[in-house]
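The chain is numbered in sequence order, starting from 1. Predicted model, so just to flag it, every value in this text is computed and none were measured.
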Amino acid sequence: MNISNRYPQFARLSALCHKNVSRFSTEKTDSPPIPVNPLKDVYSANNQTGTGVIYDKKPFRILLKAGKNYSWCLCGQSKNQPFCDGTHKDIFLKIKLRPIRFTVTETKNYWLCNCKQTTNRPFCDGTHKRQDIQDKKI
């Protein structure tokens with residue numbers, strides 16, 4: 001029995017230690033590399049330790065254009081998911097999470113995280129497959 005099944009509070013720790021395991025254990029060895037955010041070191045919002053509320057339990061596939069800047073919603077409250085619409089600025093909601101600014105180097109379809117728990121923000125890393133996330137009600 002897996003420790004994350006017995007103790008849900010350790011599930012996040014397990015995902016950090018074994019990130020991307022499910023992706024590479026289920027796909028062929030010639031699979032495309034997981035995209036990274038070239039703006040990760042430029043914007044401090046990438047250093048936020050918190051994660052937003054789960055918007056959906058599956059990723060969102062979208063065509064992104066190379067060189068264009070995007071703002072991915074981290075708080076999970078945006079009505080324009082997976083992108084930010086400024087909902088986090090509402091002083092009455094008291095949301096401390098800021099959007100993640102990102103760009104891509106190649107124009108193609110990408111999978112953006114909708115569970116907001118990914119360790120490779122804003123791209124999906126398969127974290128939504130964890131049992132604790134699938135069991136949550138949204």
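Thr107 approaches Ala66 most closely through the heavy-atom pair OG1-N, 2.9 Å. Shortest non-hydrogen contact noted between Ile54 and Cys115 is CG1-O, 3.5 Å. Between Val36 and Pro38 the shortest heavy-atom distance is O-CD, 3.1 Å. The minimum heavy-atom distance between Pro35 and Asn120, with the atom names listed, is O-ND2, 2.9 Å. Between Cys75 and Ile95, the shortest heavy-atom distance links the atoms CB-CG2, 3.5 Å. Across all non-hydrogen atoms, the minimal contact from Pro82 to Asn114 is CB-OD1, 3.6 Å.
Side chain of Asn37 to backbone of Arg101: a donor-acceptor contact under 3.5 angstrom is found. Checked by atom type and distance alone, the side chain of Asp135 never pairs as donor or acceptor with a backbone atom of Asp132 at under 3.5 Å. In this structure a side-chain-to-backbone donor-acceptor pair under 3.5 Å is missing from Thr118 to Cys113.
A donor atom on one side chain and an acceptor atom on the other are not found under 3.5 Å apart for Thr127 and Gln117.
With sequence neighbours left out, the side chain to side chain donor-acceptor pair (under 3.5 Å) criterion links Gln77 to no other residue. Under the ring pair (Phe, Tyr, Trp, His ring centres under 6.0 Å) criterion, Tyr70 pairs with Phe83, Phe102, sequence neighbours left out. Lys58 pairs by the salt bridge (Lys or Arg N to Asp or Glu O under 4.0 Å) definition with Asp56, not counting sequence neighbours. Asp41 is linked by a side chain to side chain donor-acceptor pair (under 3.5 Å) to nothing, counting only residues two or more places apart in sequence or in another chain.
By the criterion of side-chain heavy atoms lying less than 4.5 angstrom apart, applied directly or through intervening Ile, Leu, Val, Met, Phe, Trp or Tyr residues, Val104 is grouped together with Ile62 in one hydrophobic cluster. Two different hydrophobic clusters hold Leu97 and Tyr55 under the rule that ILVMFWY side chains link at heavy-atom gaps under 4.5 Å. Leu64 and Trp72 fall within the same hydrophobic cluster, where Ile, Leu, Val, Met, Phe, Trp and Tyr residues are linked whenever their side-chain heavy atoms come under 4.5 Å apart, directly or through other members.
With values rounded to the nearest 0.5 angstrom, Thr51 atom OG1 is found 8.5 Å from Ile133 atom CD1. Leu112 contributes atom CG, which lies 14.0 Å from atom CZ of Arg121 (distance to the nearest 0.5 angstrom). The CG atom of Leu39 sits 11.0 Å away from the CD1 atom of Ile100 when rounded to the nearest 0.5 Å.
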Inset, instruction - Test Gln81 against Lys116 for side chain to side chain donor-acceptor pair (under 3.5 Å), laying out the working first. - result: CA-CA 11 Å; Gln81 290 291 340; Lys116 311 303 177 188; 2.8 Å; yes
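Counting only residues at least two apart or in different chains, salt bridge (Lys or Arg N to Asp or Glu O under 4.0 Å) contacts with residues 62-83 are absent. Sorted pairs that involve residues 80-98 and meet salt bridge (Lys or Arg N to Asp or Glu O under 4.0 Å), not counting sequence neighbours, are lacking altogether.
The 12-atom threshold is exceeded at NZ of Lys57, counting heavy atoms of other residues, nucleotides or ligands nearer than 6.0 Å.
Cation-pi geometry between Lys108 and Tyr110 is met: the NZ or CZ atom falls under 6.0 Å from the ring centre, inside 45° of the normal.
Side chains of Trp111 and Ile34 form no contact here, defined as non-hydrogen atoms less than 4.5 Å apart.
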